[in-house]
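Only a predicted model underlies this, so the values are computations on that prediction, with no experimental measurement involved. The chains referred to below are lettered A, B, ... by the order of the sequence lines, with proteins before strands, and numbering in each begins at 1.
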There are 2 protein chains.
Amino acid sequence: MNKKGLAILMRVRMRPSDSNKILLSPLAEKLNRVAPDHQANRSGGSGMEPASEEGNEQTNFSCRDRRPFELVKESMHSAISMNKTEVLDAVLNDFTEGYFSLSAERRKALLLLLAKEYDLNRAQVQELIKQYLGLELPKAEEGNVVEESLLSAFYRIERNLRHALKPAYEVLFERLNTHPGGLKFLSILRADILSILAEENIPSLRALDSYLKEKLGTWLSPATLELHQITWDYPASLLEKIVAYEAVHPISNLLDLKRRLGVGRRCFGYLHPAIPGEPLIFIEVALLKTVAQTIQEVLWDDPPILEHEATCALFYSISSTQPGLAGINLGKFLIKRVITLVKRDMPQISIFATLSPIPGYMQWLLSKLASQLKLAETDDATHTSSDQSGSSFCENILEPEEERALLNLSEECKAMKNGMEVMFNLLTTNDSTWTNSPEVLSVLKPPLMRLCARYLLQEKKRGKALDSVANFHLQNGAMVERINWMADWSEKGLRQSVGIMVNYVYRLENIEEYAQSYFSTGQIHSSDDILHYVKEVEA
Amino acid sequence: MNKKGLAILMRVRMRPSDSNKILLSPLAEKLNRVAPDHQANRSGGSGMEPASEEGNEQTNFSCRDRRPFELVKESMHSAISMNKTEVLDAVLNDFTEGYFSLSAERRKALLLLLAKEYDLNRAQVQELIKQYLGLELPKAEEGNVVEESLLSAFYRIERNLRHALKPAYEVLFERLNTHPGGLKFLSILRADILSILAEENIPSLRALDSYLKEKLGTWLSPATLELHQITWDYPASLLEKIVAYEAVHPISNLLDLKRRLGVGRRCFGYLHPAIPGEPLIFIEVALLKTVAQTIQEVLWDDPPILEHEATCALFYSISSTQPGLAGINLGKFLIKRVITLVKRDMPQISIFATLSPIPGYMQWLLSKLASQLKLAETDDATHTSSDQSGSSFCENILEPEEERALLNLSEECKAMKNGMEVMFNLLTTNDSTWTNSPEVLSVLKPPLMRLCARYLLQEKKRGKALDSVANFHLQNGAMVERINWMADWSEKGLRQSVGIMVNYVYRLENIEEYAQSYFSTGQIHSSDDILHYVKEVEA
């Protein structure tokens with residue numbers, strides 16, 4: 001691409017929400033004619049319209065607004081109930097375009113309608129299970145022939161029951177999946193569902209979401225995903241997606257992107273044939289001499305070494321592009337396949353590591369500190385003054401010398417109840433002033449590093465690492481190698497994990513074993529280096 | 001390809017069963033070491049082995065034979081129960097290769113074991129449905145909020161029930177589907193299942209087959225199939241599949257194939273990305289001036305017209321290559337997509353028609369004649385001699401003048417009871433001598449053509465055309481245009497349909513409408529030309 005082309009590209013600020021905008025089809029135009037300004041008009045309804053059936057929130061749909069909703073509803077109904085293919089394509093187009101033309105509120109109404117009115121037939125299910133309960137389970141001891149003939153009634157009802165348990169909306173999902181652009185549409189639809197559910201827990205919509213999620217998981221199985229090495233030769237329309245969706249270390253412009261695709265770096269993405277021109281997930285790799293400790297080293301403008309001198313491939317960013325695919329593990333095979341690919345092209349590379357954010361650390365730490373401070377307060381109120389650790393939930397998460405150092409920071413600190421209060425106050429000041437004081441930093445570093453190791457290695461949820469990025473890499477068979485102080489000075493890095501980053505390492509010979517033991521027992525493998533932070537406490 | 005290459009290719013007789021042969025992997029070699037000649041040894045077992053548990057047929061597996069079976073069984077178990085990916089690939093390879101090394105008898109034993117031991121957990125299903133029956137269906141009249149909260153228990157149990165109703169072998173199918181070569185393996189597995197079921201109806205195996213068929217139908221949806229125009233430039237390994245699988249008009253050798261891919265002809269096939277180098281279904285097209293009446297015109301060595309003079313694209317052969325995909329309608333969108341493609345390249349083509357076999361005609365006709373002759377006999381026995389048409393099932397399927405002409409053919413014929421007996425005897429002579437006598441032909445033609453039209457237009461099974469090829473094209477939106485006397489003189493053509501072939505025509509403007517009306521009401525559209533055969537009778 002020449003400089004002019006690039007300049008044109010860079011003038012546009014690219015955002016993910018652009019993907020919702022599509023060229024208008026005949027139906028969409030029709031809709032616009034019916035309600036040329038229904039989005040703008042939303043809040044100013046006349047007094048004539050019937051009350052919203054949903055009854056929640058402030059939106060009473062205007063008369064003008066109701067027509068297109070009915071049209072989209074009808075096309076949705078046709079899309080589920082029609083049987084012939086050519087007509088069906090047109091109907092599915094009508095439906096998807098009509099859906100895009102609806103306001104967020106109408107989309108919600110439509111999705112609720114889909115979840116409730118196109119659910120399964122409960123009467124039919126109950127009829128079948130009554131039949132099923134009437135059957136007697138044949139004994140395993142009986143002869144094979146008798147058993148087979150007894151079982152055939154089971155097979156029949158089980159099959160019917162399987163079909164009866166499919167909600168009517170499955171047809172819509174299946175048809176959209178095989179419709180051009182339909183898989184992408186379903187991903188947008190699910191993103192809408194998730195944002196509704198984040199506001200309000202609606203059981204019927206949650207059931208629909210769980211069904212759709214399972215379907216999407218099948219359709220986006222690793223076998224259907226194509227691994228691409230994304231280079232500067234890729235279409236700008238695809239590259240702008242990388243810029244828009246990079247979630248870990250934002251890309252400021254296309255020139256920044258060009259560096260990330262240039263010498264000493266690699267970018268790989270999974271594409272699905274039904275969603276062309278848009279990677280569903282992508283990973284950025286830097287070729288280095290050693291495992292980097294700070295993100296600044298990785299994002300240097302000019303890589304300091306020649307590619308053939310590199311011995312380490314460092315994964316420094318993994319981003320998924322589809323909010324509607326949340327919870328579907330697209331990265332499962334990505335890292336392993338990327339390692340294989342890099343190893344094939346550059347056999348001298350022997351270390352595969354990450355420099356990863358710890359997105360949940362600060363949140364965990366602050367809530368831990370806050371709850372301890374609260375418990376201490378309650379204890380103060382209920383117990384006689386100098387009683388020691390009355391509640392069993394009470395825990396001073398600081399070591400004695402850390403406590404001392406924090407209280408000794410200033411007169412102001414000395415006046416506080418304990419070290420945890422000092423720490424909490426320091427970390428929750430709005431302007432992160434603590435990062436400018438070498439003294440404060442040196443006092444904060446020991447407890448922050450130690451607690452970070454504890455967070456990564458010991459804090460679990462349902463037997464898995466509490467931190468989502470940790471869980472991702474451990475699932476994939478990595479081990480926790482090292483945590484790095486002040487590795488990411490960006491505002492986001494400070495906010496998420498007080499600037500600490502972590503190196504996960506993939507040791508080729510152990511990937512399978514580690515993934516397996518993490519999967520079955522939740523065991524987290526780690527280096528001695530990081531283990532000593534938590535061992536000290538136990539000793 | 002040069003002549004030498006071609007000659008080498010042509011020395012090999014290609015058969016579909018070649019696809020079962022694969023290079024031996026470590027496990028297969030191990031199996032061979034354990035039982036170097038288990039196939040040859042099968043019938044000559046020593047007296048030492050335990051009695052076969054299956055108890056049917058003559059095969060008592062020898063001790064030598066039992067080891068590999070156990071190994072394959074173990075790898076199958078691992079393939080279902082293991083959780084990690086890299087190991088899983090090796091296990092799936094072990095399983096598929098082990099399966100190929102088994103004799104037909106052992107495969108059957110393994111498939112039965114899969115169907116029975118890896119079925120669903122009935123106790124769990126019963127537990128869940130008891131919980132389900134304990135729930136009370138909320139009334140639709142109640143307020144939305146109450147209803148939602150009541151339903152959430154339904155959603156939960158329904159979801160669990162859905163999972164509980166999945167047999168354990170689904171995991172094996174799912175994993176094979178995403179394993180390289182796995183989809184092809186599943187198609188071979190199902191071909192084995194179908195041939196076992198053709199011999200013996202085993203309910204558990206039938207349930208497994210119906211489950212697998214449904215899965216395959218999803219995985220091979222039209223959206224996943226790629227349409228290819230297959231030319232002489234395609235790999236020989238793919239072209240030999242065309243030769244091997246051409247089911248309608250066998251291809252005698254690669255030179256014959258070259259003609260079918262050459263000037264004035266086209267060949268299109270559907271390929272699936274997971275089964276590379278092998279079309280799942282393919283269609284052969286001839287470019288002609290008019291709709292051909294005989295297959296001889298179509299298969300001429302040198303097409304008599306230039307391509308740009310052609311106005312008709314004639315589909316003269318559609319073959320599917322995978323017996324294991326029986327019952328899965330792969331051709332559904334094929335014809336429509338081929339028409340679109342041909343129309344785009346050659347806009348002067350305005351007629352899209354087929355010259356199709358009528359595979360079920362002769363079978364239907366002979367059984368009709370036989371049953372009528374039998375009914376007549378029974379009537380003779382029960383009624384007094386000259387009573388007329390006593391049984392309501394009795395029907396003289398011949399017109400009076402046809403009856404007369406048949407009886408008048410010879411003295412021998414005159415001695416027979418009626419025209420149907422003459423016809424039945426003529427058609428069932430071993431050597432098709434009737435085709436050599438112009439006199440016999442001229443007498444047979446009127447009833448055979450008339451009854452053929454009746455067979456195509458009026459004989460139905462569950463509301464659909466009885467003839468499988470007719471059903472295929474009518475489903476796709478074709479109409480029955482014309483039947484052609486003595487259109488296929490091949491032994492197969494005479495045996496299937498006394499040499500009659502039929503032209504179905506696809507009128508672009510009517511395809512959807514015809515497909516829809518056939519789908520919903522079973523209505524068969526036809527030309528006046530063919531309709532007069534059946535109208536005459538009614539008049």
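Residues A/Leu197 and A/Arg206 have side chains in contact (heavy-atom distance under 4.5 Å, counting atoms from C-beta outward).
With sequence neighbours left out, B/Asn121 forms a side-chain hydrogen bond (donor to acceptor under 3.5 Å, both in side chains) with no residue at all. Applying the salt bridge (charged side-chain N to carboxylate O under 4.0 Å, His left out) rule to B/Lys166 yields the partners A/Glu214, B/Glu170; only residues at least two apart in sequence or on another chain are considered.
Residue contact with chain A, scored on non-hydrogen atoms closer than 4.5 Å, involves the backbone and the side chain of B/Arg162 alike. For B/Ser210, the part lying near chain A is the side chain, with the backbone staying farther off; criterion is any non-hydrogen pair under 4.5 Å. Contact annotation for B/Asn201: neither backbone nor side-chain heavy atoms come within less than 4.5 Å of a heavy atom of chain A.
Classification of the B/Tyr132-B/Phe154 ring pair by plane angle, with boundaries at 30° and 60°, yields perpendicular. Ring geometry, A/Tyr211 versus A/Phe173: the interplanar angle falls from 30° to 60°, so the pair is classed tilted.
Chosen from A/Lys130, A/Arg159, A/Arg156, the residue pairing most often with chain B at heavy-atom distances under 4.5 Å is A/Arg159. Between chain A and the options B/Ile129, B/Thr178, B/Asp119, heavy-atom pairs under 4.5 Å are most frequent for B/Ile129. Interface summary for chain A: among B/Ala207, B/Ser204, B/Pro167, the most heavy-atom pairs under 4.5 angstrom belong to B/Ser204. With chain B as the partner, the residue from A/Val125, A/Leu120, A/Leu161, A/Leu205 showing the most heavy-atom pairs under 4.5 Å is A/Leu120.
Taking the charged nitrogens against the carboxylate oxygens, A/Arg337 and A/Glu226 have no contact shorter than 4.0 Å, which rules out a salt bridge.
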